[in-house]
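Numbers here are sequence positions counted from 1. Remember, it's 1-based here, ligands and their atoms both numbered in the order they're listed.
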Amino acid sequence: MDQVVLRNVTKRFTTKTLGDIVAVDNFNLSVHEGECFSFLGPSGCGKSTTLRMIAGFEDLSEGEIELCGRPVSVKSKNLYVPPEERGLGMVFQAFAVWPHMNVFENVAFPLRIQGMNKMDVNKKVAEALKHTSLTGLEKVYPGDLSGGQQQRIALARAIVTQPKVMLLDEPLSNLDPKLRESMRFEIKELQAKFNFTIIFVTHDQSEAMAISDRMMVCDMGKIMQIDTPENLYNKPVNRFVHSFLGESTFLNVSVRDGKVFADGDAEQALNLAIPPEAAERMVVATRPNAIELTGGEDGYVTHVAKRIFLTDRTEYLIPVGSQTLKVQTPHRVSFSEGEKCCVKLVNPMWYPAEDEAAEKERARRQTI
Ligand code: ATP
């Protein structure tokens, strides 16, 4: 069964200085039972607002939300179930652990609110502490513990009520990279043990890719694509998704008389198969590690403008017309700066030329 369902969910805000903003524009999505589903996108794209609406901290402007088959927000019926009655586990960055309570009290808090008897509280807290490797630290105050341990308290507090759905908003952002990685595994292990559904919000695309079954990439309040990490990387639906996940390199091109010319070079065509839907102005997108760099003439003949030796690859900047293509190769492919070379784009993606208005709107949202 789908555990979290959003139907036509929209959220509008009115700001004093910048007027109306549609933070979440007609979102439709279903998160399946036991799935780890991430919201991903640049600052201001609507991730946190969506999560807050699911949690019940924010009302909707339009649409409806269902949790585990139960409507919890339905704008047309003015139905709104408060957060504490939604049965969710939450670890929010802003919801840090309470410093004035010891570990036991922090974790017991949600059970006390439910009015659970003392014996059951003790039992459930002991179990949650065991699963988060905090046993023995019951009387310690969070301030005396490490960042990772504090984050485990927040996790223990979230799982103690055995929720079916967990909302995690940048839960690892305060931790150093090594700890982040091990906490990711701990979260996945807890998920496997309890089979809860996770909605995970993060800025960090590699973190989202490592942890998620599916991800939603959004931009400027709109869903761009919902898919598996692999499909989002290999089959991005537009230029934005292409550039957001992994490294990208783009060429602005014109299609004329069945040939493709990079901007700045009207003479030498790029040897590319033109898709049927191609307009005159297009963007050709590829990954820097998916470009063939050779010494022959089979491709676009140019030269190496810059060579950068990195630990695991060599990076080249290659002029193509008035633009620069970034190419990454294994160290065994070696060209020196200024040397003649030939580039060939292997199965590139084609997108409509980016409009400037979109860039401006993206920037505006990040400043509100
Ligand atoms: P970040 O990654 O920076 O947290 P986000 O993707 O979570 O960004 P949201 O916080 O959901 O984005 O914000 C989406 C848009 O709605 C932004 O333009 C933001 O400024 C605006 N917004 C969010 N909350 C409010 C509010 N309470 N009042 C006015 N505008 C808001």
Which one holds for T49 and ligand 1: side chain close, backbone close, both close, or neither close, with close meaning a heavy atom under 4.0 Å? both
Minimum non-hydrogen distance to atom 10 (O) of ligand 1, winning option of S48, S43, G44: S48
Quick check: K47 and ligand 1, any N/O pair under 3.5 Å apart? yes
Structural part of P42 in contact with ligand 1, heavy atom criterion under 4.0 angstrom: backbone
Have a look at G221, G46, C218 and point out the one with the heavy atom closest to atom 12 (O) of ligand 1. G46
Please state whether G41 comes within less than 4.0 angstrom of ligand 1, counting heavy atoms only. no
Consider side-chain contact (heavy atoms from CB on, under 4.5 Å). Of V327, V346, T329, which one does E292 pass it with? V346
Check this for me, if you would: do R307 and E339 make a salt bridge, where the nitrogen-to-carboxylate-oxygen distance has to be below 4.0 angstrom? no
Applying salt bridge (Lys or Arg N to Asp or Glu O under 4.0 Å), which residue pairs with at least one partner in residues 253-273 are found, sequence neighbours left out? D263-R281
Go through the structure and list residues passing side chain to side chain contact (heavy atoms under 4.5 Å, CB included) with K11, not counting sequence neighbours. F13, V24, T49, M53, E58, S61
Tell me which part of I21 gets within contact of ligand 1: side chain, backbone, both or neither, using heavy atoms under 4.0 Å. side chain
Show me which atoms of ligand 1 lie under 4.0 Å from any heavy atom of A23. 14 (C), 15 (C), 16 (O)
Side-chain donor/acceptor of E138 to backbone N/O of F104, under 3.5 Å: no
Can you name the atoms of ligand 1, numbered from 1 with element, that are less than 4.0 Å from a heavy atom of T15? 29 (C), 30 (N)
Pair K75 + D59: basic N to acidic O under 4.0 Å: yes
Heavy atoms from other residues, nucleotides or ligands near CD of E230 exceed 12 (cutoff 6.0 Å): no
